[in-house]
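What you see is a predicted model; the values in this text were computed from it and never measured.
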Amino acid sequence: MELNFGRVVNLPEEEQKWLNEAKYIYDFHRSSNRKKRRYYNGKITLNEVNLGIALPSGLGRLEIGCAWGAKTVDVLASRSMFDGYVTESGTKSDDMDQIMKRNHLIAEYNKAVKEELLYGCAFAAVSGAEDDARIRFYSPHCAAASWSAQDGRIRYGFAFEDARRDESDVTWSPEHVNFYTETDIWQLDRVGGTWYATQNPHDFGEPLMVALTWDATNDKPFGQSRLKEPVRRLIQGYVRTVANATIGLEFATSPQKYLLGISDEQYDMMIDNKFRQYVGSILLSTNNPETGEKPNFGQLTQGNIEPHVQMLRMLATQYSAATGLAATDVGVINDANPTSSEAIIAQSQTLILMAEQLNRANGDALHRIGRMALAIELGVTPEDIPEEEQGIIAHFKNPAMPSVASTTDAALKISTAREGFAQTDVFLEMIGFDQADIRRIRAQEQRARGEDILNEEFTDEDIN
C-alpha cells in the first residue's frame with residue numbers, strides 16, 4: 001500500500017505541513033505495526049527464531065502456530081465490556097441511545113479495544129450533521145495523529161474513509177481521507193494522481209478525533225502495545241521450542257539403527273530400501289564373505305521429549321508473569337491450578353486490575369467522544385449541551401466477571417442494608433438481568449400497576 005499526498009489542491013500551507021508530518025508518523029510506525037499484526041495472527045517463521053544450532057536452515061520457512069499473541073490481546077479485551085452511557089443522575093440519555101444504535105457503538109468498541117491493545121492505540125472520529133452524528137473507529141493501519149502535550153489531546157490527524165483492504169494488497173491506496181484539525185475537518189479526495197481538499201469548519205476548538213490508548217506514558221502518549229518486544233521474544237522461544245520438539249518427535253518415531261559388518265552388496269540393497277528395512281519385522285543378513293564377520297545389528301537410544309516440555313512450561317510461566325494471563329490461558333495444566341471460584345479470581349487479579357486501568361482510560365476517551373457526538377446530534381457546541389446531559393458517563397460491566405450466584409448474594413445483602421435498593425436497575429443487573437430484560441420487567445410492572453389501579457376504581461364504583 002502506497003500513501004502519497006504530495007501537494008493537496010485548496011489546502012492551506014500550514015495545514016499542508018501538518019498533513020505531511022502526520023504522513024511521516026504513519027510511515028514511521030507502519031512496519032512495526034505489521035510485525036505486531038503478524039505476531040497476533042501467529043504467523044512467525046523459523047527464520048526469525050532460529051539460533052543456528054539445532055534447527056536446520058532448510059526449515060527456515062516453516063511456520064509453527066502460536067496463539068499466545070492473540071490470547072494476550074483478546075483475554076484482556078474481553079474484560080472491557082462497554083455497556084453504554086448514563087447521565088450523572090443515573091438515567092439513560094435518549095439522544096445518546098439513538099447515537100449508539102445508529103453507530104452500533106458497543107460492537108464497534110469491542111473491535112477497537114482489540115486494536116488498541118494490539119498496537120497501543122486506536123482512534124475514534126466524530127462527524128455528521130444535526131440528528132445524524134456519526135462515530136467511526138480506526139486502527140493505526142488506517143489513521144495517524146500528532147500529540148499535543150500542552151493540551152493533553154490530539155493536535156491533528158487523518159483517517160482513511162475508504163474500506164481498508166487486506167495488507168497483502170500492495171497496489172491499493174486510499175482515495176478518501178479526512179484530515180482533522182482544531183478548526184476544520186478537511187475532506188481529501190484523490191482524482192487521478194491529484195488530491196483535492198474540501199473545508200468543513202467547526203467551532204469545537206479541538207480536532208474531532210480522539211485516541212484510545214493503552215499503557216500511555218509521557219514518552220509514549222499514544223500508548224504501548226501488549227505485544228512489546230520482551231513479550232514477542234517469549235513467543236519466539238515458544239515457536240523455537242515447539243519446532244525442536246516436533247523435529248525430535250520425528251526422530252523418536254523413526255529411531256536411528258545401525259548394522260555393522262555387512263558386505264558392499266548388502267549395504268547397497270539396504271540403502272535402496274530404507275523404508276522397507278524400517279517397517280519390516282524381520283531383518284536377514286549373511287556373514288560378510290570377505291571378512292567372515294557376522295553382521296551386528298543395533299539401535300541408538302531414542303531422544304527424550306521431556307526437556308522440550310519442561311522448556312515450554314518455563315516459557316509459559318514467564319509469559320503468564322509478563323502479560324498477567326492465567327497459567328491456564330497459556331496452556332499450563334498442573335495440580336496447582338485453582339479449583340474454587342475464589343482461587344480463580346485470585347489468580348486473575350492482575351488481569352482484573354489491568355482491565356480496570358483500561359476501562360478508566362477508555363472511559364475518559366468515550367466521554368469526550370460522546371460529548372462531541374451529542375453536540376453534533378443537537379446542532380450545538382459541547383458547552384451548549386443541555387445541563388441534564390452534560391455529565392454523560394461511559395458505563396462498563398464488572399471486569400472481574402463474577403458468577404451470577406455471587407453477585408445475587410451481594411445484591412440481596414445490599415438491599416437489606418440500603419432501603420429501596422431492590423427497586424433500582426442496578427439491583428436487577430447484579431442478579432443477572434441485561435438491559436433488554438430490565439426494560440421488559442419495568443414495562444410489565446407498570447402494566448400490572450395500571451391494571452391494579454383500574455380494578456380498584458371498578459371495585460369502588462361497585463361499592464358506591
Tell me whether Lys23 is salt-bridged to Asp27, with the criterion being a basic N under 4.0 Å from an acidic carboxylate O.
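Judged by the 4.0 Å cut-off on N to carboxylate O distance, Lys23 and Asp27 do form a salt bridge.
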Does a salt bridge link Glu21 with Arg155, judged by any charged N lying under 4.0 Å from a carboxylate O?
no
List in chain and number order the residues that pass salt bridge (charged side-chain N to carboxylate O under 4.0 Å, His left out) with [X], two or more places apart in sequence or in another chain; answer none if no residue qualifies.
X: Arg38; result: Glu48
X: Arg368; result: Glu206
X: Glu229; result: Arg232, Arg233
X: Lys111; result: Glu108

Quick one: does Arg102's side chain have a donor or acceptor within less than 3.5 Å of a partner on Arg134's backbone?
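Judged by distance alone, no pair lies under 3.5 Å.
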Check whether Arg226 reaches the backbone of Thr72 with its side chain - one donor and one acceptor, N or O, closer than 3.5 Å.
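Yes, the answer is positive, given that a donor and an acceptor are paired below the 3.5 Å cut-off.
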I need the Ile393 CD1 to Tyr85 OH distance, nearest 0.5 Å.
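Output value for this atom pair is 11.5 Å.
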Would you say the side chain of Met354 lies within less than 4.5 Å of the side chain of Arg79, judging by non-hydrogen atoms?
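Of all side-chain heavy-atom pairs linking Met354 with Arg79, none is under 4.5 Å.
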Output all residues satisfying side chain to side chain contact (heavy atoms under 4.5 Å, CB included) with Asn200, sequence neighbours left out; order by chain, then residue number.
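Asn200 satisfies side chain to side chain contact (heavy atoms under 4.5 Å, CB included) with Ile185, Gln187 once adjacent residues are dropped.
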Atom NZ of Lys114 with >12 non-hydrogen neighbours under 6.0 angstrom
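Check fails, neighbour count at 12 or below.
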Across all chains, not counting sequence neighbours, the side-chain hydrogen bond (donor to acceptor under 3.5 Å, both in side chains) partners of Asp97 are none
Given Pro399, which partner from the list Asn359, Leu76, Leu353 fulfils the side-chain contact (heavy atoms from CB on, under 4.5 Å) test?
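Exactly one option meets the side-chain contact (heavy atoms from CB on, under 4.5 Å) with Pro399, and it is Asn359.
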Please report the shortest heavy-atom distance between Ala326 and Ser320, naming the atom on each side.
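For Ala326 and Ser320, the tightest heavy-atom pair comes out as C-OG, 3.9 Å.
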